[in-house]
Trainee: 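Have a look at this one.
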Amino acid sequence: MKKTPMMLQLALILFCIMAIPAAILTWYSGAQIIENSETAIGESALAGLNANRKLNENALANLAQDTARLAATNIFDRIRSFETYDEVNASYTNVTKALSVMNELLNLNRRVDGVYSSYFYLNNSDYVISTDNAVTKLERYEQVGWTTEALAGQRGISGVWVPRVLGSGDHVVSYVYPLNRLSSTTDGLIVVNMRESQIGKYLNTAEAGDGHSLLLGSDGKVISHSDKSLLLTDGFEQPFLQEILGQDSSEGYTFRELDGNRMVYAWSRSSLSGWWNVSWSSMDKLMTKSRDMQGNIILLTGAIIVLGTVLAVFLATWMSRPLRQLVRMIRSKNNLEVVNKNELAFLNVAFKRMQEEEEGLFQLLQEREQDTRSFAVHRLLRGEIPPRITEIFPEVYYRIAVVSIDQYRVYVGNTNLETRSYHGYLLNAKYESLFPEGVLARSVYHSDGCIVIVMNFAPGGDEQSCDRIHQALDRIREESLELLGHSVTIGVSGLADAPERVAQRLFEAMELIKQRMIKGAGSMMYWQDEEENSRKYMDSESSERRILNFLDAGDLNGILKELQVIRCQIGSAENISYDNIMFIYHQLLGATIKHLRENHISTGRMIMGKGNIYTLLASMDTLDELEEYLHGFFQEIVQDLDRGTREANHGERIIQYLQDHYREEIVLKDMSHDFGISYSYMRKIVYDLTGKSMIDYLNQLRIEKAKELLLDTDLTIKQIAAEVGYFNVQSFNRFFRKYEGMPPSSYKSAKTKSS
C-alpha cells in the first residue's frame with residue numbers, strides 16, 4: 001500500500017466509507033422496518049379493536065340508559081290495573097293508554113340504531129305491548145319464561161343482555177330490564193331486541209377489507225360474527241381463541257400461523273360486561289407496503305453506491321491535489337532520502353520528525369505550567385488538590401485573605417486594561433513579600449477587583465502568628481491605597497487544617513467582603529461562626545408606604561428624609577445581614593416601579609440607560625453609595641412626574657384649541673409660539689396624547705365634521721369643503737379618500753342606501 005498512489009488509496013477509502021455504511025444501514029433499516037411494521041400493525045389492530053369495543057359499549061349503554069329512563073317515568077302506571085287482554089280492550093280509554101305505552105317503546109327504538117323491536121310485559125298478565133305487534137295476547141307473541149333464567153345472574157337494578165334467536169329466525173341481543181319497587185311503581189318487564197347485524201357493524205368499523213372480528217360472551221358463546229352460522233356456538237372452538245383468551249391479560253395482540261398465512265390476533269375484554277372482542281387479519285397483505293418499501297430501499301442503496309463510486313474518484317482527485325503539490329514542494333526544498341513511496345508515506349516521515357520536535361517542546365511547556373504556583377493555587381481554590389501540593393504549601397494550617405478594591409466600578413472607569421493588569425502584577429508580588437517568616441503566602445488574581453492570598457503556616461504559636469498576619473494585612477491595606485488610589489477591604493477566613501478545606505475558607509472570606517456594606521470601605525474583617533438565628537431580620541414596609549405617598553405628592557424632601565430613616569435603622573441594627581439590606585432596597589425599588597405602573601405611569605423613560613437597577617445595587621460597596629444612587633433615582637422620578645403634569649396641561653389646551661379652530665387656517669408654528677413652547681415639543685405632546693401627528697389629527701377633525709354635513713345637510717361638496725376648512729375641493733377630496741377610502745359623493749350615496 002505504501003507504493004500505491006495516494007489518489008487511488010483515497011478513492012478506495014471514500015468508496016468504503018460510503019458503500020459499507022450504506023449496505024449496513026440498508027440491511028438494518030430493512031429489518032427495523034419489518035419489525036416496527038409488525039409492532040405498529042399489532043398496536044393499530046388493538047387500538048382499532050378497542051375503538052370498536054367502546055363504540056359498541058356506548059351504543060348498548062345508551063340503550064340501557066334510555067330504557068332505565070323510560071322505566072322511571074309513570075307511563076306504565078296507566079296500565080298497571082289491566083291484568084287481562086280483555087280489560088285493555090274494554091274501552092277506548094284503556095286502548096289509548098296501552099297505545100301510549102307502545103309509542104314510548106317506539107321512541108325508545110328510534111334513539112339507537114339497529115333496534116329490531118321492544119315490548120313490555122306486565123307481571124301476571126296475559127298480554128304484551130310490543131312495537132312489532134302492538135297490543136297482543138302473550139300466547140300469540142313469544143313466551144317470557146326465558147327472561148327468568150336470564151335475570152338469575154342480574155346484579156343490582158340494571159338489566160342484562162342476552163344473545164338469542166327470535167321466532168322469525170333473526171339473531172338479536174336482548175336487553176331485559178325488570179321493573180320493581182326500586183325502579184318503578186309497576187311490576188313488569190321491558191325487553192329491547194338489538195339486531196346482531198348492528199353490533200357486527202360496530203365491531204367492523206375500523207377493520208380492513210380482509211379483517212374479521214367476533215364478539216364472545218363471558219361464557220365463550222358467539223354473540224356476533226361475520227359468519228352467521230357460528231352465532232350462539234362455542235367460540236373457544238375457533239382456532240387459537242382458547243389459547244389466546246386463556247391468558248391473564250385482558251387485552252393484547254399476538255401473531256399466529258393459520259393455513260400457511262401469518263395472522264395478527266387482537267383481543268380486548270370489556271370491564272363492564274365481561275364480553276370478549278376479537279379481531280384477526282392476514283399479516284401478508286398488511287405487510288405488502290413495508291416489503292415494497294424494503295425493496296425500494298435496496299434499489300436506492302445500489303444506485304447510491306454506484307454514484308458514490310464515481311463521486312469517490314472525483315473527490316479523491318480533487319482532495320489529493322493540494323497534498324501532491326505539498327509533497328512536490330517539500331521534496332524540492334528538503335532532502336529526506338525517502339524513495340519508492342507514495343505521497344502519504346512521504347508526508348508521514350516528514351511529519352514524524354516535526355512531531356518529535358513538537359512533543360519535546362510541548363512536554364517541556366506542560367511540565368513548566370504544572371510547576372507554576374499560580375496554576376496550583378487556582379486549582380486549590382477550586383477545591384482540587386494539585387500534584388505535589390506539599391512542595392508548594394509544606395505546612396499544615398491555611399488561612400485565606402481576600403483583598404477587594406473598594407468602588408471597583410470607579411476604579412475601572414479611571415484606568416485602562418493594561419494599567420489594571422500592571423497593578424495586579426505589582427500587588428501580587430508585593431503582597432507575598434509583606435508576610436513575615438513562618439508564614440508562606442501565595443497571591444493570585446481571583447475575580448473582578450479581588451486578589452486572593454493563601455497563607456500557609458505551621459501549628460503552634462497561633463496567637464503570635466495571628467498578630468503577625470494582622471500586621472501584614474495592615475501594610476497591604478496601606479500600600480494598596482497608595483498604589484491604586486482606592487482603599488481596599490480585606491476579609492480573612494477561619495483556620496483550615498487540610499488543603500481540602502481551602503475552597504470552603506475562600507467562601508468565608510468572600511462572604512466577609514459583602515459586610516463592607518455595613519462596616520464601610522477600607523475595613524478588615526475576620527470570620528466568626530454565628531448561629532443562623534442570631535442575625536436580626538428587618539423589614540421596611542411602613543417606610544415603603546410613606547415613600548410612595550410622598551411620591552404621589554411630589555415631595556422629594558419627604559422621600560429623602562424617609563431614605564435617611566431606613567439608613568439609620570440599618571446602621572443601628574445589630575447582626576443585620578447583607579442579604580437583608582439588599583432585600584430592603586430591592587423591595588423598595590420594586591414597590592416603586594409597581595406603584596408607577598399601577599397608576600399608568602410609564603417607567604421606561606425614567607430608568608432607560610440605567611441598565612439593570614438590581615445589578616447596579618448589587619455592585620455597590622457601601623450604604624453611602626446606595627443612598628446616593630437612590631437619591632438620584634427618586635429625584636429623576638419626581639422631576640419626570642412634574643414634567644409629565646406640565647405636558648398634560650399643555651396637551652389639554654392644545655387639543656381644545658384644535659377642536660375649536662379646526663375650520664380656520666392654522667399656522668402651527670405661530671400656534672406653538674402663542675402657547676410659549678417649541679413647535680417640536682408641541683408636536684410631541686399631541687402625538688403622545690392622540691397617537692397621531694398634528695396634521696393628521698387636524699385633518700381627522702375636519703373629515704369627521706364633513707361626514708356629518710354630508711348626511712345631515714343639503715350642502716354641496718364645495719360648500720362642505722369650505723365649511724370644514726378646505727379652500728379647494730381637490731384637497732378636500734384627497735384627504736377624504738385618504739381617511740375614508742372613498743370620495744365624499746360615494747360615501748354619501750353608500751350611507752343613504754344603507755339607511
Side-chain angles (χ1 to χ4, degrees), residues 369-405 424 427-477 480 488-519 522-535 575 577-579:
E369 183 180 3
Q370 290 176 352
D371 288 339
T372 57
R373 65 187 184 197
S374 61
F375 178 73
V377 171
H378 277 296
R379 292 185 63 184
L380 186 63
L381 293 174
R382 290 197 300 266
E384 303 173 10
I385 307 301
R388 295 178 290 186
I389 182 65
T390 55
E391 296 180 12
I392 304 170
F393 298 110
E395 304 300 342
V396 176
Y397 286 163
Y398 296 82
R399 277 191 192 275
I400 305 299
V402 174
V403 182
S404 176
I405 302 173
L427 291 176
N428 278 331
K430 189 178 290 291
Y431 289 170
E432 293 181 1
S433 66
L434 293 176
F435 286 87
E437 286 186 29
V439 179
L440 178 65
R442 295 287 182 255
S443 174
V444 293
Y445 193 85
H446 181 63
S447 60
D448 289 345
C450 289
I451 296 175
V452 176
I453 304 171
V454 180
M455 295 170 278
N456 182 236
F457 47 89
D462 187 55
E463 182 175 350
Q464 184 179 1
S465 64
C466 286
D467 291 337
R468 290 185 296 169
I469 289 173
H470 182 79
Q471 293 172 7
L473 293 175
D474 245 340
R475 292 187 61 191
I476 286 174
R477 262 197 312 189
S480 297
V488 295
T489 297
I490 301 177
V492 185
S493 73
L495 196 65
D497 57 1
E500 293 84 1
R501 296 186 174 87
V502 169
Q504 177 63 29
R505 297 300 176 260
L506 173 62
F507 172 79
E508 293 175 355
M510 295 298 293
E511 285 295 304
L512 285 172
I513 294 299
K514 293 182 180 179
Q515 299 303 313
R516 173 171 48 193
M517 178 69 66
I518 304 163
K519 304 293 185 181
S523 304
M524 186 187 304
M525 294 161 285
Y526 290 84
W527 179 263
Q528 294 180 354
D529 292 329
E530 296 178 352
E531 293 290 336
E532 187 65 26
N533 55 16
S534 67
R535 292 191 177 276
N575 296 328
S577 68
Y578 170 84
D579 293 335

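The shown structure was predicted, so the numbers you read here are calculated from the model rather than taken from an experiment.
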Trainee: Looking at every heavy atom in both Ala509 and Val402, which two are closest together, and how far apart are they?
Mentor: CB-CG2, 3.4 Å

Trainee: To the nearest 0.5 Å, what is the distance between NE2 on His446 and OG on Ser404?
Mentor: 11.0 Å

Trainee: What pair of heavy atoms forms the shortest contact from Ile476 to Ile490, and how long is it?
Mentor: CG2-CD1, 4.2 Å

Trainee: Given 3.5 Å as the limit, does a donor-acceptor pair link the side chain of Ser480 with the main chain of Arg477, or not?
Mentor: no

Trainee: Over all heavy atoms of both residues, which pair between Leu434 and Ala472 is shortest? Give the atoms and the distance, please.
Mentor: O-CB, 3.7 Å

Trainee: Measure the CZ-CG distance between Arg501 and Leu495 for me, rounded to the nearest 0.5 Å.
Mentor: 10.5 Å

Trainee: Nearest 0.5 Å, what's the CE-CG distance between Met455 and Leu440?
Mentor: 11.0 Å

Trainee: Report the C-alpha distance between Ile453 and Phe435 in whole Å, list the side-chain angles of each, state the deciding distance to 0.1 Å, and finish with yes or no for side chain to side chain contact (heavy atoms under 4.5 Å, CB included).
Mentor: CA-CA 11 Å; Ile453 304 171; Phe435 286 87; 3.9 Å; yes

Trainee: Would you compute the distance between atom CD1 of Ile400 and atom CE of Met510 and round it to the nearest 0.5 angstrom?
Mentor: 12.0 Å

Trainee: Between the main-chain N or O of Gly494 and the side-chain N or O of Glu508, is there a donor-acceptor pair closer than 3.5 Å?
Mentor: yes

Trainee: Roughly how far apart are Tyr398 OH and Leu506 CG, rounded to 0.5 Å?
Mentor: 14.5 Å

Trainee: Answer yes or no: is there a donor N or O on one side and an acceptor on the other, between the side chain of Asn456 and the main chain of Tyr397, under 3.5 Å?
Mentor: yes

Trainee: Taking Arg468 for its side chain and Glu437 for its backbone only, find out whether a donor-acceptor pair lies under 3.5 Å.
Mentor: yes

Trainee: Can you give each donor-acceptor pair under 3.5 Å made by side-chain atoms of residues 377-384, sequence neighbours left out, with the distance rounded to 0.1 Å?
Mentor:
residue	atom	partner	partner atom	Å
Arg379	NE	Glu384	OE1	3.0

Trainee: To the nearest 0.5 Å, how far apart are CD1 in Ile385 and OG1 in Thr390?
Mentor: 11.5 Å

Trainee: Take Arg516 and Ile513 through the test side chain to side chain contact (heavy atoms under 4.5 Å, CB included) and record every step on the way to the result.
Mentor: CA-CA 6 Å; Arg516 173 171 48 193; Ile513 294 299; 3.6 Å; yes

Trainee: Give the minimum heavy-atom separation between Leu512 and Trp527, together with the two atoms involved.
Mentor: CD1-N, 3.3 Å

Trainee: Answer yes or no: is there a side-chain heavy-atom contact under 4.5 Å between Leu427 and Val403?
Mentor: no

